[in-house]
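Structure, as structure tokens:
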Amino acid sequence: MEIAAGLASVAKGFHARGWLLGTSGNLSAVVQREPLRLAMSPSGVDKGELKPEQLLSIDENARIVSAHQGKPSDESLLHIRIVKDRDAGAVLHTHSVWNTILSDLYATEGGVTINGYEMLKGLQGVRTHEHTEFLPIIENSQDMPALAEQVGKTLNEHQAAHGFLLRRHGLYSWGRTLAEAKRHIEILEFLLETMGRTNRRLD
Ligand SMILES: [Zn+2]
């Protein structure tokens, strides 16, 4: 229940910043590893109004194991893939204006390269602004099993990445804990907006 309350609180904060508008985005956190149990946001719910009791419990096949009606987020399979491949304790996914713009602007380069910013030090393991963070961009799809496979491939190719973008769709990041995942989203959203606002290509 503490995990559910934490997710609801993060959802409210992100919604207030305009990163989860119109029921978009989703959030999850690991409740138990063996067998895997994830607290997952339900599909189609206003994230500004999300209540702890609305968080679903799902298994590693994205099936609901709690006594809830309704449907887990369509993107649950991506969360499960990230939890397994990155040993993450929480996965957060936002649909901000700036992450959407940059996910398209840099698509031909395969990702966004971020370096030289002090805020990079908010990413786990980064100690200097001289760090280069590469956020891979994955082509969007509604075929979730195929997209989950692509996410797995991308995470494997970019072991150092703290997140990735789905083209014209949104940002994914994660952390060992919910607090770390939240910090990573805040850092990456800050950096993407900063790069977006200073981007000559947008003039
Ligand atoms: Zn999404």
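We're numbering straight along the sequence, starting at 1. For ligands, and for the atoms within them, numbers begin at 1 and follow the listed sequence.
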- E75 near the Zn ion (ligand 1) via N/O/S, less than 2.8 Å: yes

- Evaluate the criterion salt bridge (charged side-chain N to carboxylate O under 4.0 Å, His left out) for residue pair D74 and K71; output intermediate values, then yes/no. CA-CA 8 Å; D74 289 337; K71 199 166 140 318; 2.5 Å; yes

- For E157, does the CD atom sit with more than 12 other heavy atoms under 6.0 Å from it, leaving out its own atoms? yes

- Between H158 and F164, does the ring centroid distance fall short of 6.0 Å? no

- Check H93 and report its N/O/S atom nearest to the Zn ion (ligand 1), by atom name. NE2

- In H169, the N/O/S atom nearest the Zn ion (ligand 1) carries the name NE2

- Task: May I ask you to test the W19-W98 pair for a side-chain heavy-atom distance under 4.5 Å?
- Result: no

